[in-house]
Amino acid sequence: MEGNRKLISPFHRPLCLAAAAPGGKAKLTHPGKAILAGGIAGGIEICITFPTEYVKTQLQLDEKANPPKYRGIGDCVKQTVQGHGVRGLYRGLSSLLYGSIPKSAVRFGVFEYLSNHARDEAGKLNSTRGLLCGLGAGVMEAVVIVCPMETVKVKFIHDQSSANPKYRGFYHGVREIIRTQGIRGTYQGLTATVLKQGSNQAIRFYVMTSLRNWYKGDNPNKAINPVVTGTFGAVAGAASVFGNTPLDVIKTRMQGLEAHKYKSTLDCALKITRHEGVRAFYKGTVPRLGRVCLDVAIVFIIYEEVVQVLNTVWKTE
């Protein structure tokens with residue numbers, strides 16, 4: 001019996017190791033590919049989902065004390081189309097489109113760079129490290145791209161709802177903001193934006209990393225079809241909406257044309273609570289939920305597909 005065990009043991013151990021790691025070491029994505037794929041994904045996504053972003057922003061800017069101009073999502077869409085046509089739902093798209101491409105590029109580029117250094121020897125990224133890498137990506141995109149982009153977008157949308165709109169287009173609007181308020185005028189609500197984007201991407205990448213690890217099991221290179229990727233992305237998007245919509249409301253108020261009413265991010269939060277109640281922090285949740293779930297699902301699907309194409313034409317290993 002002892003002799004049999006000695007004969008079996010050398011062959012038995014490699015088989016166990018093979019079963020434990022059938023896919024070998026996980027393949028890493030080059031940050032350069034991530035930047036290019038992220039930019040393409042961001043540009044396509046925003047063109048599809050912008051009307052929901054417009055409605056969400058209008059509802060968040062619709063202060064209770066005014067009194068409210070809109071009775072809900074449908075009423076906001078109806079009034080916008082009646083007053084400005086269907087094109088009115090795309091007011092501010094140019095500012096967001098110009099920013100969405102570099103925003104998504106920075107997000108995925110930074111995430112892949114950080115995650116490539118955070119993976120274990122098998123190339124696996126655990127959920128906690130995925131959260132931290134997502135946090136880093138979110139903070140970077142907030143400072144470099146999102147804050148100035150979002151400030152201009154919110155001012156454009158808010159300007160349209162005023163009695164005498166003063167911005168004639170993207171470049172004219174940016175020029176006027178800088179002329180009257182300086183570069184600082186495009187960085188209103190920076191603290192709130194950093195908090196929002198950092199928590200946004202931390203939550204999304206945490207959920208995506210967790211779901212991917214669950215789906216792939218012991219095979220880090222197991223393929224995930226676009227439908228599954230989109231489903232995971234939608235779940236990650238929903239989690240981020242419920243997790244940080246209050247920060248999004250504060251950010252929007254801090255970047256609107258009435259931002260001068262608030263001394264700081266904390267002052268804005270306190271005034272919303274005092275004058276409008278806690279429910280005001282969840283204004284625009286439904287349209288934001290629809291937009292973000294679709295947004296994150298589309299972005300991750302396109303990103304993954306573009307990376308696969310780049311892997312065939314751009315050899316980095």
Side-chain angles (χ1 to χ4, degrees), residues 42 53 56-57 59-61 63 95-96 99-100 102-104 106-111 114-115 127-155 157-158 183-209 236-285 287-289 291-293 295-296 299:
E53 175 68 15
K56 179 218 74 172
T57 302
L59 292 177
Q60 290 180 343
L61 289 170
E63 297 186 40
S95 62
L96 210 57
S100 286
K103 174 182 77 171
S104 194
V106 169
R107 176 192 308 163
F108 283 101
V110 172
F111 178 80
L114 294 175
S115 65
S127 300
T128 301
R129 292 185 177 185
L131 183 148
L132 294 175
C133 292
L135 177 62
V139 170
M140 183 63 73
E141 70 172 322
V143 175
V144 177
I145 305 293
V146 178
C147 190
M149 175 193 74
E150 286 280 311
T151 301
V152 172
K153 179 211 71 175
V154 171
K155 288 182 185 296
I157 293 176
H158 207 175
I183 294 295
R184 289 183 63 183
T186 64
Y187 268 90
Q188 290 178 310
L190 177 60
T191 301
T193 303
V194 168
L195 291 172
K196 179 215 167 185
Q197 291 303 122
S199 61
N200 240 352
Q201 303 313 324
I203 293 170
R204 290 176 190 176
F205 280 107
Y206 171 81
V207 173
M208 283 298 294
T209 301
S240 69
V241 168
F242 289 115
N244 77 350
T245 287
L247 290 172
D248 190 47
V249 172
I250 294 171
K251 176 197 70 66
T252 299
R253 293 287 180 89
M254 291 289 290
Q255 293 172 333
L257 298 179
E258 301 295 321
H260 61 273
K261 297 192 304 185
Y262 309 116
K263 299 176 183 178
S264 64
T265 300
L266 178 60
D267 181 56
C268 179
L270 292 174
K271 284 182 177 177
I272 291 174
T273 304
R274 187 180 306 120
H275 300 301
E276 301 174 64
V278 175
R279 291 183 62 182
F281 286 109
Y282 284 89
K283 278 188 173 183
T285 296
R288 187 182 180 220
L289 186 64
R291 180 203 184 285
V292 170
C293 288
D295 163 356
V296 181
V299 166

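Throughout, residue positions are numbered sequentially from 1 according to the sequence presented.
Taking OH of Tyr206 as the start and OG1 of Thr128 as the end, the distance is 6.5 Å to the nearest 0.5 Å. Distance check: Leu289 CG to Asp295 CG gives 11.5 Å after rounding to the nearest 0.5 Å. For the atom pair OG of Ser264 and CG of Leu270, the computed distance is 7.5 Å after rounding to the nearest 0.5 Å.
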Stepwise side chain to side chain contact (heavy atoms under 4.5 Å, CB included) test for Ile250 and Tyr262 | CA-CA 10 Å; Ile250 294 171; Tyr262 309 116; over 6 Å; no
Would you please test Lys261 and Arg253 for side chain to side chain contact (heavy atoms under 4.5 Å, CB included) and show each step?
-> CA-CA 9 Å; Lys261 297 192 304 185; Arg253 293 287 180 89; over 6 Å; no
Please lay out, stage by stage, how Gln255 and Thr193 fare under the test side chain to side chain contact (heavy atoms under 4.5 Å, CB included).
-> CA-CA 10 Å; Gln255 293 172 333; Thr193 303; 3.3 Å; yes
Could you give me the CA-CA distance, side-chain angles and deciding distance for Asp248 and Lys56, then say whether side chain to side chain contact (heavy atoms under 4.5 Å, CB included) is met?
-> CA-CA 10 Å; Asp248 190 47; Lys56 179 218 74 172; 3.0 Å; yes
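For the pair Thr186 and Thr151, the tightest heavy-atom approach, listed with the atom from each and the gap, is O-OG1, 3.3 Å. Smallest separation of non-hydrogen atoms from Ser199 and Leu135: N-CD1, 4.4 Å. Taking both residues in full, the closest heavy atoms of Pro148 and Ala142 are given as CD-O, 4.4 Å, listed atom of the first, atom of the second, then distance. Here the shortest heavy-atom pairing between Gly237 and Cys293 reads C-SG, 4.4 Å. Between Lys283 and Thr245 the shortest heavy-atom distance is O-CG2, 4.4 Å. When all heavy atoms of Gln201 and Gly138 are compared, the pair lying nearest together is CG-CA, 3.6 Å.
The neighbour count for Met149 CE, taken as heavy atoms of other residues, nucleotides or ligands under 6.0 Å away, is above 12.
Using a 30° and 60° split on the angle between ring planes, Phe111 and Phe205 fall in the parallel class, below 30°.
Distance alone, capped at 3.5 Å, is enough to place a donor-acceptor pair between the Tyr187 side chain and the Val143 backbone.
Put simply, the side chain of Met254 reaches to within 4.5 Å of the side chain of Thr265, judged on heavy atoms. A heavy-atom distance below 4.5 Å is not found between the side chains of Lys251 and Asn244.
Judged purely by distance below 3.5 Å, without hydrogens or angles, the side chains of Gln197 and Lys103 never pair a donor atom with an acceptor atom.
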